[in-house]
Structures are given as structure tokens and as C-alpha cells.
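Beneath this line is the structure, given in C-alpha cells, with notes to follow.
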Amino acid sequence: MRSCRATCLLIPGRRAILGAGLALAPWLRNAVAATDPAALPPQPGDRFAYLTGEKQGQIIRAGDLPLGGPQVQAMPIEPKSGVVRDGSRLNLLVLARFDPAALDADTRARAGGGVVAYSGVCTHQGCPVNMWASDKGALYCSCHGSMYDPKDGAEVIGGPAPRPLPSLALAIDDDIPFVAGGFSGRVGPEQH
Ligand code: FES
């Protein structure tokens with residue numbers, strides 16, 4: 001399982017680590033990104049890997065997620081190759097599990113076995129939504145205090161965020177949630 005962030009670029013068939021002194025022309029950077037499986041957005045069939053913690057890099061199983069929150073941070077992972085799609089910061093996701101009866105109808109329709117997935121990039125200014133407001137049962141961005149309701153399509157219930165976190169449609173197989181469709185909207189802040 002690899003863990004590769006902004007300083008690392010995958011070229012199909014071989015890995016190239018690009019040091020700080022090397023720079024690609026924008027057109028070449030875009031061309032490489034277009035063919036880099038790690039930089040693709042979540043694809044149908046992708047599973048999810050824990051981003052942090054003791055289980056970092058492991059596939060997320062629904063039964064391992066605490067019922068009722070908090071969320072875990074995750075990245076999509078291509079199941080056959082094991083490529084973690086961490087080549088774009090816009091692929092940061094949050095997953096949480098709820099009783100399906102606690103979800104509003106639209107949210108339940110996009111969930112898999114009560115597991116919901118949202119972009120983990122705050123729609124205000126792009127910070128990671130990596131905290132949990134237990135008193136509200138809400139996803140919380142500590143940069144400026146935006147809160148999102150994970151049981152109601154990540155609607156904004158506090159703070160300056162201008163719109164909900166886009167949701168990712170899920171399905172579930174043998175307790176493993178996977179990507180069943182695209183994001184419900186544009187990922188990231190207004191300017192990025
Ligand atoms: S970036 Fe999240 S509240 Fe400002």
C-alpha cells in the first residue's frame with residue numbers, strides 16, 4: 001500500500017519521485033495527471049482506504065465504522081491494482097455510518113448500508129473536514145467553524161461554508177462500501 005502525496009507523481013508502469021528542483025511544464029503536468037490513476041477522481045467500483053490511524057491504508061469495512069459517527073477520513077482505492085487515488089487533494093473523502101432510518105430519503109438513496117461518503121474538502125476555503133461536533137452530530141471544519149449534517153446530504157448547519165459537501169453515491173458488498181456513482185456536485189471551494 002503506498003502513501004504518496006503532493007511531492008510524488010505516478011507515471012504508468014513506473015514511479016517517478018519528483019524532487020523540489022524539478023518542474024514540469026503545465027501542459028505536461030496536465031497530460032501526466034490525465035493518465036495517472038492516482039489522480040483520477042473516485043471511479044465506480046473503487047473501495048476506500050483509511051487515510052490515517054492504526055488502519056491507515058486498509059480497506060474500510062462498514063462494520064468497523066462507529067454507528068452514528070464520527071467520520072473517518074479516506075481515499076478511494078482501485079481494488080484490482082491497489083492504487084490509492086491520492087494524487088489529487090480533491091479526492092479526500094469522509095465516511096460515516098448511521099442507522100439508515102436516521103437518514104433523510106435522498107441521503108439514504110445515495111448511502112450503502114447506512115454508510116455515507118462526502119468530499120472531505122470544505123466548500124468554504126478548502127480545509128480538510130476532519131473534526132466532529134458531537135453535540136450536533138455534525139462534520140466540523142476547524143478552520144472557520146463550518147458544520148455539515150451528514151444525515152441530511154451534508155447541508156450546512158453552521159459557519160461560513162456556502163454549500164453542502166458533495167456526496168458520493170455508494171453501494172455495499174460483503175460489508176465493504178464501494179463507489180456506485182459520481183459526486184453530487186463540484187468538489188472543493190469556490191476558488192482552487
Ligand atoms: S475552510 Fe472550512 S470553514 Fe473555512
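Predicted, not measured: the structure shown is a model, and the values here were computed from it. One-based numbering, in listed order, for ligands and for the atoms of each.
Between Leu103 and Arg108, the shortest heavy-atom contact is O-NH1, 2.7 Å. Nearest heavy-atom pair across Pro177 and Asp175 is CD-O, 3.5 Å. Closest heavy-atom contact between Val94 and Val129: CG1-O, 3.4 Å.
If you chain together hydrophobic residues whose side chains sit under 4.5 Å apart, Tyr118 and Leu90 never meet in one group.
Each protein N, O or S atom less than 2.8 Å from atom 4 (Fe) of ligand 1 was counted, giving 2.
Applying the disulfide bond (SG atoms under 2.5 Å apart) rule to pairs touching residues 41-136 yields Cys127-Cys143, sequence neighbours excluded.
In summary, the side chains of Asp104 and Thr107 do present a donor paired with an acceptor at a separation below 3.5 Å, with no hydrogens or angles considered.
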